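Below is one structure, written out as structure tokens, with a few remarks after it.
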Amino acid sequence: MRLATWNVNSIRARVDRIVGFAVNEDVDVLAMQEIKCKPEQFPLEQFEAAGYHVELHGLNQWNGVAIASREPLEDVQIGFPGMPGFLKGHEGPDAPREARAIAATVGGVRVWSLYVPNGRSLDDPHYVYKLHWLQALEQYTRDTLAADPDLPLALTGDFNICPTPEDVGDPTLVEGVTTHVSPPERAAFQALLDAGLADTVRPLVPTGFTYWDYKQLRFPRNEGLRIDFILGSRAFADAVTAAAIHRDQRKGEAPSDHVPVVVDLDIDAGDDDDRPMIF
DNA sequence: ATGTCAGCACGCTGCTGA
């Protein structure tokens, strides 16, 4: 099974590029973030014509997450237990929850498409919201793996955190001054790993960014960030055989500011082309 | 140069969010 995650920054603005990538790269499951549309606005037909089922969660022009899959998507879940909401500076479990998390099971793998809140600035209510959101995600992960330690669980998406200094190529991001690199954010990311997840891409692709700001010639200067991840439980991580960051998807006409991150899994997703039959 | 995008309100421009 080939699994990819991609913050597409509007599905409607670049659906041809996205479906084309999925087909050309033989992607079985594509988790998307920032689809920026409601369900009735999602270009379903183009995915279906290419052989994909789609499950999505979109409330308005902001955020929005989706999962496309060649095999049917089972046990679809919108948001995770404890996920905080946010509205006009009011944050908490009683505030409306934004469209930032969707999960489905494909080929026995529990896949989450996650769009972690940006945080905006260290003194903004969105920053506290981001940390609470990550804390709830950690708790969900701990509870889920405590109930089923052998579950192949993948948390994929845009985490809006640079876990290490090597993940920061944009000089405007400075520890103590901006989000994405602050010790509490990095601690929140580490807490996800401590909850039983591993970065499944870094061991196979040790360097490289997944995002470059549209402004300031960030891409030509290669002043990017690594903020998009595929985190996997032990059962998931053990099945990963290859990984890639598709830097070329930042090039050309109307790119997203993020590029796809891909892993190959030695788990049967219904394909019959790479698994010997033993009788 | 706060230097680019996307979507929305409506709208031919200005706002919000990233």
Side-chain angles (χ1 to χ4, degrees), chain A residues 5-19 21 31-44 46 56-66 84-91 95-101 113-134 156-163 167-174 177-182 185 188-189 209-229 247-261:
Chain A
T5 186
W6 195 355
N7 179 323
V8 297
N9 185 19
S10 170
I11 189 63
R12 289 175 289 171
R14 50 187 59 85
V15 60
D16 290 346
R17 174 189 281 264
I18 292 155
V19 173
F21 171 81
M32 290 168 275
Q33 302 84 38
E34 283 210 85
I35 61 170
K36 289 186 168 175
C37 68
K38 301 174 188 178
E40 63 269 25
Q41 298 172 310
F42 191 95
L44 244 193
Q46 289 171 74
L56 68 124
H57 178 42
L59 296 171
N60 50 40
Q61 70 268 44
W62 308 123
N63 315 309
V65 283
F86 190 95
L87 182 68
K88 291 175 181 160
H90 179 59
E91 185 232 328
R97 307 201 305 176
E98 298 179 308
R100 295 184 177 276
S113 179
L114 303 170
Y115 180 43
V116 176
N118 173 284
R120 301 193 182 186
S121 64
L122 297 180
D123 58 356
D124 194 293
H126 286 88
Y127 177 73
V128 179
Y129 169 49
K130 178 181 193 174
L131 295 176
H132 286 164
W133 203 94
L134 288 161
T156 85
D158 176 359
F159 286 74
N160 271 317
I161 300 170
C162 303
D167 304 320
V168 187
D170 185 327
T172 58
L173 289 198
V174 178
V177 179
T178 64
T179 62
H180 292 62
V181 296
S182 74
E185 289 166 281
F189 188 88
F209 304 130
T210 65
Y211 161 89
W212 297 259
D213 198 299
Y214 287 122
K215 295 179 283 191
Q216 303 284 147
L217 299 171
R218 291 297 181 219
F219 184 63
R221 295 173 190 227
N222 196 29
E223 295 175 340
L225 307 173
R226 181 190 280 220
I227 54 178
D228 300 274
F229 298 95
R247 189 180 190 280
D248 283 358
Q249 281 299 328
R250 188 61 175 78
K251 300 177 181 176
E253 216 31 46
S256 169
D257 41 3
H258 297 250
V259 296
V261 178

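Please read all numbers here as calculations on a predicted model, not as lab measurements. To find a chain, count down the sequence lines: A is the first, B the second, and so on, and within it residues start at 1.
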Among residues at least two apart in sequence or on other chains, which ones pass ring pair (Phe, Tyr, Trp, His ring centres under 6.0 Å) with Y127(A)?
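Applying ring pair (Phe, Tyr, Trp, His ring centres under 6.0 Å) to Y127(A) gives none.
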
Nucleotide-resolved protein contact map, nucleotides 5-18 of chain B, B/S/- at heavy-atom distance under 4.0 Å
SSSS-------BSS

Go through the side-chain N and O atoms of K36(A) and N9(A) and say whether any donor and acceptor fall under 3.5 Å apart.
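Yes, side-chain donor-acceptor contact under 3.5 Å.
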
Consider only side-chain N and O atoms of Q33(A) and T5(A), and report whether a donor and an acceptor are under 3.5 Å apart.
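Note: Q33(A) and T5(A) side chains meet the donor-acceptor criterion.
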
Please state how far atom CG in L217(A) lies from atom P in dT2(B), giving the value in whole angstrom units.
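It is 14 Å, rounded to the nearest whole Å.
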
Rounded to whole angstrom, note down the [atom1] distance from [N] over to [M].
| N | M | atom1 | answer |
| --- | --- | --- | --- |
| dC12(B) | dA1(B) | P | 29 Å |
| dG7(B) | dT2(B) | P | 26 Å |
| dC10(B) | dT16(B) | C1' | 16 Å |

Between W6(A) and H258(A), is there a donor-acceptor pair closer than 3.5 Å when you use the side chain of the first and the backbone of the second?
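Side chain of W6(A) to backbone of H258(A), a donor-acceptor pair under 3.5 Å: yes, one is there.
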
Can any side-chain N or O of K38(A) pair as donor or acceptor with the backbone N or O of H57(A) at less than 3.5 Å?
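No; zero donor-acceptor contacts below 3.5 Å.
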
Contact list for residues 209-225 of chain A, test salt bridge (Lys or Arg N to Asp or Glu O under 4.0 Å), sequence neighbours left out:
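Non-adjacent pairs meeting salt bridge (Lys or Arg N to Asp or Glu O under 4.0 Å): D170(A)-R218(A), R218(A)-E223(A).
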
Just to verify, what does V128(A) make a side chain to side chain contact (heavy atoms under 4.5 Å, CB included) with, not counting sequence neighbours?
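Listed in chain order: E91(A), H132(A).
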
Would you please name every residue forming a side chain to side chain contact (heavy atoms under 4.5 Å, CB included) with N222(A), sequence neighbours left out?
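Once residues adjacent in sequence are excluded, the partners of N222(A) under the side chain to side chain contact (heavy atoms under 4.5 Å, CB included) criterion are F209(A), W212(A), R247(A).
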
With both pairing distances under 3.5 angstrom for Watson-Crick or G-U wobble, and | for a partner in another strand, the correct string for DNA chain B is ...((((((...))))))

